[in-house]
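As C-alpha cells, the structure follows; a few thoughts come after it.
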Amino acid sequence: MAESKPKPKIKKEAVPIPKQKPEERRRNFNEVALGYTEEQALEEANRCLQCPKPQCISGCPVEIEIPAFIKLLREGKYEEAIAKIKEKNSLPAICGRVCPQEEQCQMKCVVGKVGEPVSIGRLERFLADWERKRGFKIPEIAKPTGKRVAVIGAGPAGLTVAADLAKLGHKVVIFEALHLPGGVLVYGIPEFRLPKSIVQAEVDYIQRLGVELKLGFLVGRTYTIPELLKERGFDAVFIGTGAGLPAFMNVPGEDLGGIYSANEFLIRVNLMKSYAFPCYDTPIRIGKHVVVIGGGNVAMDSARSALRLGAEEVCIVYRRSREELPARKEEIENAEEEGIICKFLAAPLRFIGDEKGWVKQMECICMELGPPDDSGRRRPVPVKGSEFVMDTDTVIVAIGRTPNPIIQRTTEGLQVTKWGTIVADENGKTSLEGVYAGGDIVTGEATVISAMGAGKKAARAIHEYLMKK
Ligand code: FAD
Ligand code: SF4
Ligand code: SF4
C-alpha cells in the first residue's frame with residue numbers, strides 16, 4: 001500500500017497582532033492595533049494551507065486571490081504580493097484594518113474549522129503598509145477613451161469606481177460635498193482605528209491614476225445630475241453618496257442639550273479634529289457619565305471616542321443581547337478591554353432634563369427576546385413594569401443612518417425605495433440611462449468592502465456602456 005503523505009501541522013492559534021496597552025490607549029487617539037512585524041507576517045502566512053479549491057476567495061466581495069498573495073508573501077515577494085491584491089482592491093490598507101473579516105474571507109477559511117482562521121486582513125494590512133512606506137507603484141493605464149464619468153461621493157464606493165474606470169482609460173471626476181475625501185472613512189471611523197493619513201495616502205494613489213477630485217461640491221445644489229450629463233459633457237454618472245443622515249428614536253426629551261447624534265459627534269471628533277482642541281478650533285462638550293444608544297460599529301466608535309475625550313464612565317445601552325451585537329467582534333473586545341460597560345436588553349423611554357435644559361437622566365425599560373423579526377434576529381420585546389432610571393449628562397444616539405434625499409429630489413425619473421435608497425440592479429444600473437449607483441445609497445448602511453464590491457461591479461457595467469455608446 002502506498003504511504004500516505006503526512007498532513008502539515010498547523011498552529012491552531014493565529015499570531016496575535018501587537019496593540020497599545022488598554023490603560024494607555026483609553027486616553028489617546030493613536031492607532032490601537034500596531035500591525036504585524038515582518039517575522040509575524042511570515043509566521044501567520046505559513047498557517048495558510050494553499051487550498052486547491054480556496055473557500056476564502058468567495059468570502060471576499062472584491063474576490064482578492066487570497067492564496068496567491070499569501071504565497072508571494074511567504075516567498076518574500078512583497079511587491080508582487082501587494083500588486084496581486086491591488087488587481088482587485090485599490091484600498092488594501094483600509095480594508096486590512098476595518099473589513100469585518102471574521103464574517104467574510106476569514107469565516108470561509110478552512111483553518112477556522114480546527115482553530116483560528118488565517119488572519120487574511122492582517123496580512124493584507126502588512127503588505128499595504130509595507131508598500132506605502134516605500135512609495136506606491138502605479139499600474140499600467142489604458143489609452144484614453146475620450147469618455148468622461150462623474151462620480152458623486154468620495155467614499156469607498158466612489159473611490160473604487162473611479163480607480164477602476166481610470167485604469168481603463170476613462171476621464172473620471174469625483175464630486176465630493178465635504179472638504180476631505182474618504183466618506184465615512186474620514187468622518188466616521190475614528191483615528192484610533194483608521195489613521196486619516198492612511199486614507200489620504202490611498203486617495204493620493206487613486207488621484208495618481210488620473211482621477212480628478214472636486215471637493216466642497218454638493219451635487220443636487222451646485223449642479224444636478226441632468227446638468228452633469230446634458231450640459232457638463234459627462235457620458236455617465238455614478239452615485240455613491242452613502243447613508244449619512246442620522247436616525248433618531250423619537251422619544252420625549254431627545255432634543256435636550258447634551259444629546260448628540262453619533263453622526264454629529266463623530267464628525268466633530270474626526271473630521272473637525274476636536275480631539276486635538278485647542279490645536280484645532282472645534283471644542284466638544286463631553287460629560288462624566290456618557291451613555292451611547294446602539295450596538296453597531298458606530299456605537300462602539302462613539303463610546304471609545306467619548307472615553308478618550310475624558311469621560312469617567314461610558315455605558316453602551318443595547319436593546320438586544322450580547323450575541324446580537326452587530327459591531328465587529330475585535331472592536332467589541334477592544335472596547336471592553338478599555339473599560340466600556342455594556343448594558344444589554346434595555347431601551348430608552350424618555351430623557352429627563354435639568355432646569356437649564358440639559359439631559360440629567362434617562363428612563364429605560366428592560367427587554368426580552370421574542371421570535372425573530374424580518375432581519376432574522378430575535379425581536380426585542382419590552383418587559384412590563386421593568387422601567388428604571390439611569391443618571392447621565394451626555395447621550396450619543398447611534399441607532400442607524402439613512403440616505404440624504406438631495407440627489408433623489410433633484411433627479412427626475414430616478415427610482416427610489418420607500419426607505420430613500422436608490423433602486424439599482426446587481427450591476428448598479430438605475431432607472432435612468434447612463435446613471436449607476438452603489439454602496440450604502442443602494443443597500444442602506446452596510447460595510448466598506450460591500451460598497452467597494454458594488455463599485456467594482458458598477459465600473460465594469462459603466463465601461464461596457466461607454467464602449468457601446
Ligand atoms: P460613504 O462612505 O458614506 O461616502 C459617501 C460620500 O458621498 C461622503 O463623502 C459624502 O460626503 C458624499 N456625498 C453625499 N451626498 C453628496 C452629494 N449630494 N454631492 C457630493 N457628495 C456627496 N464598515 C466596515 O466595513 N467596517 C467598519 O469597521 C465600519 N465602521 C463604521 C463606523 C462608523 C462610525 C460608520 C458611520 C460606519 C462604519 N462602517 C464600517 C460602514 C462603512 O463605513 C460604510 O458602509 C461605507 O463607508 C459606505 O461607503 P459609501 O461609499 O457607500 O458611502
Ligand atoms: Fe478579506 Fe476584506 Fe481583504 Fe477581502 S478585502 S480579503 S474581505 S480583508
Ligand atoms: Fe489559505 Fe484559508 Fe484560503 Fe485555504 S481557505 S487558501 S487556508 S486562507
Side-chain angles (χ1 to χ4, degrees), residues 61-64 79 82-95 128 131-132 135-178 180-183 185-186 198-217 219 223 225 228-229 232-242 424 427-429 434-439 441 448-449 451-469:
V62 295
E63 295 167 1
I64 292 181
E79 200 173 316
I82 187 67
K84 178 59 63 195
I85 293 175
K86 282 193 158 175
E87 283 171 10
K88 300 286 172 75
N89 182 353
S90 302
L91 308 172
I94 293 168
C95 293
E131 188 197 32
R132 200 180 54 257
F136 293 124
K137 217 173 153 204
I138 300 301
E140 213 173 301
I141 310 253
K143 272 208 285 216
T145 60
K147 305 285 182 191
R148 298 178 75 225
V149 183
V151 170
I152 311 172
L159 291 171
T160 303
V161 174
D164 283 13
L165 288 174
K167 284 193 247 172
L168 290 165
H170 305 298
K171 172 71 198 157
V172 184
V173 183
I174 304 184
F175 296 95
E176 166 56 51
L178 296 173
L180 281 177
L185 307 174
V186 287
I198 287 174
V199 180
Q200 191 54 53
E202 297 212 326
V203 172
D204 286 348
Y205 164 77
I206 289 172
Q207 282 184 274
R208 285 178 59 200
L209 299 175
V211 171
E212 194 183 329
L213 196 54
K214 286 196 185 294
L215 299 173
F217 198 113
V219 175
Y223 294 133
I225 289 181
L228 287 172
L229 285 170
R232 299 277 135 195
F234 287 98
D235 300 287
V237 171
F238 175 82
I239 310 170
T241 46
N427 295 315
K429 191 175 176 326
V435 179
Y436 294 76
I441 187 64
V448 171
I449 195 66
M452 290 177 64
K456 274 210 114 46
K457 284 189 186 156
R460 277 201 288 262
I462 293 172
H463 177 62
E464 224 169 85
Y465 167 76
L466 292 175
M467 297 330 281
K468 276 191 202 146
K469 205 178 164 194

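Everything numeric in this text was worked out from a predicted model, so none of it was measured. Throughout, residue positions are numbered sequentially from 1 according to the sequence presented.
- Across all non-hydrogen atoms, the minimal contact from L165 to A459 is CD2-O, 3.4 Å.
- In this structure the side chain of K429 never reaches within 4.5 angstrom of the side chain of Y465, judged on heavy atoms.
- Here the CG-CD1 distance, from N89 to I82, works out to 8.0 Å after rounding to the nearest 0.5 Å.
- Listed by chain and number, the residues in a salt bridge (charged side-chain N to carboxylate O under 4.0 Å, His left out) with E63 amount to none (sequence neighbours excluded).
- Listed here is the closest heavy atom pair of A201 and F136: O-CE1, 3.3 Å.
- Of the residues L159, D164, L213, the one that meets the side-chain contact (heavy atoms from CB on, under 4.5 Å) test with I206 is L159.
- The minimum heavy-atom distance between E202 and A128, with the atom names listed, is OE2-CB, 4.4 Å.
- Within the 4.5 Å cutoff, the side chain of L466 has no heavy atoms near those of the T145 side chain.
- Closest approach of A150 to L228, counting heavy atoms only: CB-CD1, 4.2 Å.
- In this structure, K468 and E464 have side chains that are in contact, with non-hydrogen atoms separated by less than 4.5 Å.
- Scanning all heavy atoms of the two residues, the minimum distance from F217 to K214 falls at CB-O, 3.8 Å.
- With a 4.5 Å cut-off on side-chain heavy atoms, M452 and C95 count as touching.
- For the pair V219 and T241, the minimum side-chain heavy-atom distance is 4.5 Å or more.
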(message) Before you tell me yes or no, could you show the steps for I138 and L209 under side-chain contact (heavy atoms from CB on, under 4.5 Å), namely the whole-Å CA-CA distance, both residues' side-chain angles and the distance that decides it to 0.1 Å?
(response) CA-CA 7 Å; I138 300 301; L209 299 175; 4.2 Å; yes
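- Remark: K469 engages D235 in a salt bridge (charged side-chain N to carboxylate O under 4.0 Å, His left out) (not counting sequence neighbours).
- Of all the heavy atoms in V211 and A163, the pair that sits closest is CG2-N, 4.4 Å.
- If you take CD1 on I152 and CZ on F238, they are separated by 9.5 Å, rounding to the nearest 0.5 Å.
- Using a 4.5 Å cut-off on side-chain heavy atoms (C-beta onward), T160 and V62 make no contact.
- If you take NZ on K84 and CD1 on I64, they are separated by 11.0 Å, rounding to the nearest 0.5 Å.
- With hydrogens and angles disregarded, a donor-acceptor distance shorter than 3.5 Å links the side chain of K456 to the backbone of K88.
- Put simply, the side chain of I449 does not reach to within 4.5 Å of the side chain of P156, judged on heavy atoms.
- A salt bridge links K171 with E212: the closest approach of a Lys/Arg side-chain nitrogen to an acidic carboxylate oxygen falls below 4.0 angstrom.
- Residues P181 and V186 have side chains not in contact (no heavy-atom distance under 4.5 Å, counting atoms from C-beta outward).
- By the 30° and 60° cut-offs, the orientation of the rings of F234 relative to F175 is perpendicular.
- For K167, the NZ atom sits in a packed shell: over 12 heavy atoms of surrounding residues, nucleotides or ligands are nearer than 6.0 Å.
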(message) Could you walk me through whether V199 and L180 satisfy the side-chain contact (heavy atoms from CB on, under 4.5 Å) test, starting with their C-alpha distance in whole Å, then the side-chain angles of each, then the deciding distance to 0.1 Å, before giving a yes or no?
(response) CA-CA 10 Å; V199 180; L180 281 177; over 6 Å; no
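- Here the OH-CZ distance, from Y223 to R232, works out to 3.0 Å after rounding to the nearest 0.5 Å.
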